[in-house]
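Here the structure is a predicted model, which means the values were calculated and not measured.
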Amino acid sequence: VASEAFLTPRLTGGRFEHQEIPLEFLADLAVLERLLKELAKARFLSANPTRRRSPRGFMRDVSLRLTSIEDGSTIPVIALSAASAIGFLFGADQQYLEESRDAVVAAIRAAETGGTVTDYIPARLLGYFEVFGRSLKEDEAVEFMSGGQPVRFTQETRKRLLAATEDATFTQPVTIVCAIPGADQEKETFQLLLDSDHRIGSSDFATFRDEIMKAFAGYEAGQKVRVRAIGRYDKEGKLQSFDEISSLNLIGPLDVLLRLQELGSLNDGWYEGEGKAPPMKGLTWLSNVFDVVYGDELRPPHLYPTFEGGIRAEWSLGTNDVSCEIDILKRTAEWHELNVENNAEYEKDLNLGTADDWIWMKDRLAKLGGLGSQE
Amino acid sequence: MTDATELLRQVHPSWIQDSRPTSQAFRPTPKDAGLLSTDDGDQIAPQPSFLHYTTIRQLESVGVLGVTVLEFKTEELVVTSDATEHAPHHVSVDYNNHGRKAIEAKSKRLRNIACERGWRYLHSESVAADANAPAEGLILPDHFSQ
């Protein structure tokens, strides 16, 4: 037996832009259900101080179900479901779950506005935010409505909620560029050097043995690696350790993601007091699409900012000088080839908001001799 | 100034990656009214040109590339000495008679000529910074990991 919509959060930004919900986010929603039930129990005990524990079967027969996604948006409709109608008729479950839902939204609003989150959720339960929201990217948010006003749950509000926990550490997916100055093959441990006085040890040695040893051997020559991991941070937001390393790769001189990240540090006026800085929203899009679509089989381009706030990719492929000047907000591009031997030119306007034109670009680069990574 | 005179062109630090400059360095930006700014290499050497640009004018440069007057003329570009008190060795290269596509090709050819000739002056700290990139401890926002 399902109730009407219990919760209809609006998902915005990044992965949610195309009215799709990635499967990994469902894990976040599952943890939200556990938080709501634990909070309901805590509230029941608070309202009934003479009881030492919640009634037998309390919250056992109710669950939250994802029943639909609203048309034309990314709003999962979450309904309250009971094993039988009796659960709704006689139980206090629904009332407490609704109160818990409102308390969670109020706590998020408190985190957003600098209020006291423990007025709404006990500190011992804030650890659920360790998982709920962990997969959110920096430009993504879960919007709840409260009193007609949106309440936004982001990585920033999540960090504030976790800062009030008794443990006061939090985890978050992280991508970091660092060096490997030390490795112990016998003990199967290695050290990651983040900066001159920030080192992190790890025992995830066996999985990445080859890369670690190459990075270690190339340390003096400046070899760096990109590590993708679940990072554990302290209350001040300093990375303390890695809970789990998912990938560790050697970085070449034309690393696209790193270069785009560098270009993100430009400010307006970067070129002779003028020149527009590439907007972060556009850089994020380009980073994502390069990472997913471009592929390691192709030579990475040299990347430069344009005066107008775009990004220009250039390839020197044999006798062909190839460029692709990208408007990273409109997702359009001007493709140009110059054969430096016979001065033949070819140009084409691209719509990089479509997969077709990315596929065209990859095919074209392959035909021009762009296969083979330089890294 | 003769056809053999090298015209000196400053290159912005963001317009070089892994020692390779973009061809944008050899086309005017929208603020330039179609005129590419250079210095007359017969009047000023590359290093003083760099220092004038970075210390007197307080603009950013990673170094100096050179293209001769004749090489610009071969691209049907008009070269005019237009020195001022603040820019006593200034020479403009006029791209106004050409469309966007033509300028694209010209700038690529000129960049290649300049690179073949080699850097006339390359600031050592800038080179070191480029060679050391990526910097240690650079933490990327997670959206760069996806």
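Using a 4.5 Å cut-off between heavy atoms, Glu325(A) touches chain B through its side chain atoms alone. Looking at Ser247(A), neither its backbone nor its side chain comes within 4.5 Å of chain B, counting heavy atoms on both sides. Both the backbone and the side chain of Glu272(A) have a heavy atom closer than 4.5 Å to some heavy atom of chain B. The contact between Glu308(A) and chain B is made entirely by side chain atoms (from C-beta outward), counting heavy-atom distances below 4.5 Å. Contacts between Leu266(A) and chain B at a heavy-atom distance below 4.5 Å involve the side chain alone, from C-beta outward. At a 4.5 Å heavy-atom cutoff, Val225(A) makes no contact with chain B through either its backbone or its side chain.
Using a 4.5 Å heavy-atom cutoff, the side chains of Arg20(B) and Ser316(A) are in contact. Residues Arg312(A) and Ser23(B) form a side-chain contact, since some pair of their non-hydrogen atoms from C-beta on lies under 4.5 Å apart.
Other residues, nucleotides and ligands place no more than 12 heavy atoms under 6.0 Å from the NZ atom of Lys281(A).
Atoms CH2 and CH2, on Trp270(A) and Trp15(B) in that order, are 5.0 Å from each other to the nearest 0.5 Å. Put simply, NE2 on His12(B) and OH on Tyr304(A) are 14.0 Å apart, with the number rounded to the nearest 0.5 Å. Expressed to the nearest 0.5 Å, how far CD1 of Ile16(B) lies from NE2 of His302(A) amounts to 9.0 Å. Rounding to the nearest 0.5 Å gives a distance of 9.0 Å between CD of Glu262(A) and OG of Ser14(B).
Chain B forms the most heavy-atom pairs under 4.5 Å with one residue out of His198(A), Glu347(A), Arg259(A), and that residue is Arg259(A). Contact tally against chain B (heavy-atom pairs below 4.5 Å) for Leu192(A), Leu303(A), Val340(A): the top residue is Leu303(A). When the candidates Glu60(B), Arg57(B), Lys101(B), Gln58(B) are compared by the number of heavy-atom contacts under 4.5 Å with chain A, Lys101(B) comes out ahead.
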Q: Using the salt bridge (Lys or Arg N to Asp or Glu O under 4.0 Å) rule, take Lys108(B) and Glu314(A) through it: C-alpha gap first, then chi angles, then the decisive distance, then the call.
A: CA-CA 10 Å; Lys108(B) 284 179 177 174; Glu314(A) 295 184 4; over 6 Å; no
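In this model, no donor atom of one side chain and acceptor atom of the other lie less than 3.5 Å apart for Gln24(B) and Tyr271(A).
Ion pairing of Glu334(A) with Arg100(B) is present here, as a side-chain N (NZ or NE/NH1/NH2) and a carboxylate O approach within less than 4.0 Å.
Pairing each heavy atom of Gln17(B) with each of Pro301(A), the nearest pair is OE1-O, 4.2 Å.
Against chain A, the residues from residues 109-118 of chain B that qualify, each with a non-hydrogen atom under 4.5 angstrom away, are Arg109(B), Arg111(B), Asn112(B) in number order. By a heavy-atom distance cut of under 4.5 Å, not one residue of residues 64-94 of chain B is near chain A.
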